[in-house]
Enquirer: 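Here it is, the structure, as structure tokens.
Reckoned from all heavy atoms, side chains included, excluding hydrogens, waters and symmetry mates. In the text below, chain A, chain B and the rest are named by the order of the sequence lines, each starting its count at 1. Given the structure is predicted, the values throughout are model-derived calculations rather than measurements.
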Amino acid sequence: MIFTIASKELKALFASPLAWIVLTIIQVLIGYGFLKRLDDFLQIQPQLSQAANSPGVTELVAAPTFATVAAILLFAVPLLAMRLIAEERRNQTMVMLTSAPISVTEIVIGKFLGLITFLLLIIALAALMPLSLAAGTQLDYGMLLSLIAGLALLAAGFAAVSLYISCLTVHPMAAALGAFGALLAMLLVGETASDSLQARGWSVPAALARVLSPLKSYETFSRGLIDTYSIACLLLLTALFLILAVRQLDARRLRG
Amino acid sequence: MAEHDTTLTISAHGLSRAFGTQTVVNAINLELRRGEVLGFLGPNGAGKTTTMQMLTGNLAPSSGSISICGIDLLDHPVAAKAKIGYLPETPPLYRDLKVDEYLVLAARLHRVPKAGQRDAVDSAKHRCGLNDVGGKLIGALSKGFQQRVGIAQAIVHGPDVVILDEPTVGLDPNQIREIRSLIRELGGKHSVILSTHILPEVEAVCDRVQIMHHGNLVYSDSITALQQFHGSRTLLLGLRRPPPVQELAAVPGIATVEPVSETLFSIQSVADHDPTDTLTRLAAEKNWGLYQLNPAQASIEDVFANLTRHEENT
């Protein structure tokens, strides 16, 4: 039943121009960034080869490319997620799901999986660019795996936050802007809050701030570090907002 | 109650719903038997839609219990919802999907086994007259066809109860007739609840009627009882060459005659006397040029006026 909803969402995404526009823009931006970085790398390669223990092509080309993808997802995920609940409620089609023999949890998880599948496609397309370098050089596959895993978890976190905010309103645009604002606020919080809280010895608020700053967790992955603490933080963020979304939709049935 | 369990498809008791301090539905009871078409009648804002949202599990009642085919809707929502087909006031249509795709989705959402999905969709399409539009986008269909897709969506999984919220609103007379005959047909296999604010619609398709007014159930009985109750005792008589009003009033069985225009009269008959036969005979004999004789449609307002007056008297 979850997969029925997930596939419906995925189909609906591809039926709308939005998904194709987002895919195109992302592909163009990543492509440009990737080629630019590769060009820079080729220019400084002679100097690099003389230095001992210098960073390789994966670190200098793949990591920044993935950072671009992360930045674009910050804009793209709220836009893609706004239709999930807000638009269904606006078009009054949500009733079809809520009157079917499906629990609210299944609806939320199904919609989340539909969106995340699309986001994984974006990540896969982005990963193909650095992977194409394998034809001419030795890649650091461990680092690449870390980047892909980090980006996938980050996308899941973004998707969960945006999905929750899509439950709060019937205006798709308000949902998109709200989600974007929330993600941006998380980015700002993540910069400093967790470290400064930790410095004062407030470990619980610091841990909480860390959960609420997904980009901070992503940073460790971008250094090639698959760190259980960062994985836990991103998974917690995702779970937290999915639960909030379920509760929000349930409350709508109770409150009317 | 226990002995009815097999025939009762819906049984709701003491159903109430308040939004804030405003009580929209007040302690109504509702029972529906297999194969019955129940008309749910009331003016706009009477609480019909709220009641239907509660019966379909889209809105939690403030108090009261609902059981669908013996399954408690509040305790086991998923099992109970599988037995319901619901067409809300605004049909929940995905305009970007084709009719076939949409109905397959509806069947899958209602847990129709994969092997039976094709047949379920085909039979729903056949029953709703959608055979020719399966490949069309829903957004491109006319309102009447969209409404039929909405009904097809509600019956695709062969539910025991079909709940239709104002299914004929916004349709043209031809489409209304088609939808009504479809509903009548549904009544054979499923139990149907139909909400409307149009009295003739209830008379045309329902076995039983429940009337809501300001959130209260003010009337619940069979259709024939309702017809007797509101008494279509007003006749409209049209004569090309009418006799003086006094002559008409003297016809046995007629209580009062009120001229509507030169040739049209509104006639109140005496209770238990149908003056129709007498009038047609006299009109032929005396060459009045009869061109119209029909019972005036009692409007829902009249019925409510009657009902509320009735309540005050008792």
Enquirer: Taking all non-hydrogen atoms of both residues, which atom of B:L105 and which atom of A:K8 are closest, and how far apart?
Expert: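 Answer, listing the atom of B:L105 first, then A:K8: CD2-CD, 3.6 Å.
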
Enquirer: Taking all non-hydrogen atoms of both residues, which atom of B:R108 and which atom of A:M1 are closest, and how far apart?
Expert: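 Closest heavy-atom pair between B:R108 and A:M1: O-CE, 3.2 Å.
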
Enquirer: In terms of heavy-atom pairs under 4.5 Å with chain A, which of B:T56, B:L93, B:T90, B:D96 leads?
Expert: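 Greatest number of close heavy-atom pairs with chain A: B:T90.
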
Enquirer: Considering residues, nucleotides and ligands other than A:F14, do more than 12 of their heavy atoms fall under 6.0 Å from its CZ?
Expert: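 Yes, the 6.0 Å shell around CZ holds more than 12 heavy atoms from other groups.
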
Enquirer: Using non-hydrogen atoms only, which part of B:E101 is less than 4.5 Å away from chain A: side chain, backbone, both, or neither?
Expert: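 For B:E101, there is no contact with chain A at all, as no heavy atom is under 4.5 Å.
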
Enquirer: Could you check whether any side-chain heavy atom of A:M94 comes within less than 4.5 Å of a side-chain heavy atom of B:P92, counting everything from C-beta outward?
Expert: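 Counting from C-beta outward, A:M94 and B:P92 never come under 4.5 Å.
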
Enquirer: Which atoms of A:S7 come close to chain B, meaning under 4.5 Å heavy atom to heavy atom: side chain ones, backbone ones, both, or neither?
Expert: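 For A:S7, side-chain heavy atoms alone lie under 4.5 Å from chain B.
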
Enquirer: Is it the side chain or the backbone of B:P77 that comes within 4.5 Å of chain A heavy atoms, both, or neither?
Expert: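 Contact with chain A is absent: no heavy atom of B:P77 under 4.5 Å.
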
Enquirer: Answer yes or no: is there a donor N or O on one side and an acceptor on the other, between the side chain of B:K81 and the main chain of A:S103, under 3.5 Å?
Expert: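 Here the side-chain-to-backbone pair does not exist.
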
Enquirer: OG/A:S99 to CD/B:Q153 distance, rounded to the nearest 0.5 angstrom?
Expert: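 If we round to the nearest 0.5 Å, A:S99:OG and B:Q153:CD are 7.0 Å apart.
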
Enquirer: Would you name the heavy atoms of B:H110 and A:P101 that are closest together and state the gap between them?
Expert: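 Taking B:H110 first and A:P101 second, the nearest heavy atoms are CD2-CD, 3.3 Å.
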
Enquirer: B:A106 versus chain A, heavy atoms under 4.5 Å apart: side chain, backbone, both or neither?
Expert: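 For B:A106, backbone and side chain are both near chain A.
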
Enquirer: Would you say CG of B:D132 has more than 12 non-hydrogen atoms from neighbouring residues, nucleotides or ligands within 6.0 angstrom?
Expert: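 12 or below, so no.
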
Enquirer: Quick check on A:Y229: does its OH atom have over 12 non-hydrogen neighbours (other residues, nucleotides or ligands) under 6.0 Å away?
Expert: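 Atom OH in A:Y229 is packed in, count exceeds 12.
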
Enquirer: Identify which part of B:L109 has an atom lying under 4.5 Å from any heavy atom of chain A, answering side chain, backbone, both or neither.
Expert: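 When you check distances to chain A, atoms from both the backbone and side chain of B:L109 fall under 4.5 Å.
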
Enquirer: Sort B:Y94 into side chain, backbone, both or neither according to what part of it lies under 4.5 angstrom from a heavy atom of chain A.
Expert: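 It is both, since atoms from each part get that close.
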
Enquirer: Under 4.5 Å from any heavy atom of chain B, what part of A:M96 do you find: side chain, backbone, both or neither?
Expert: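 Backbone plus side chain of A:M96, per the 4.5 Å heavy-atom cut-off to chain B.
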
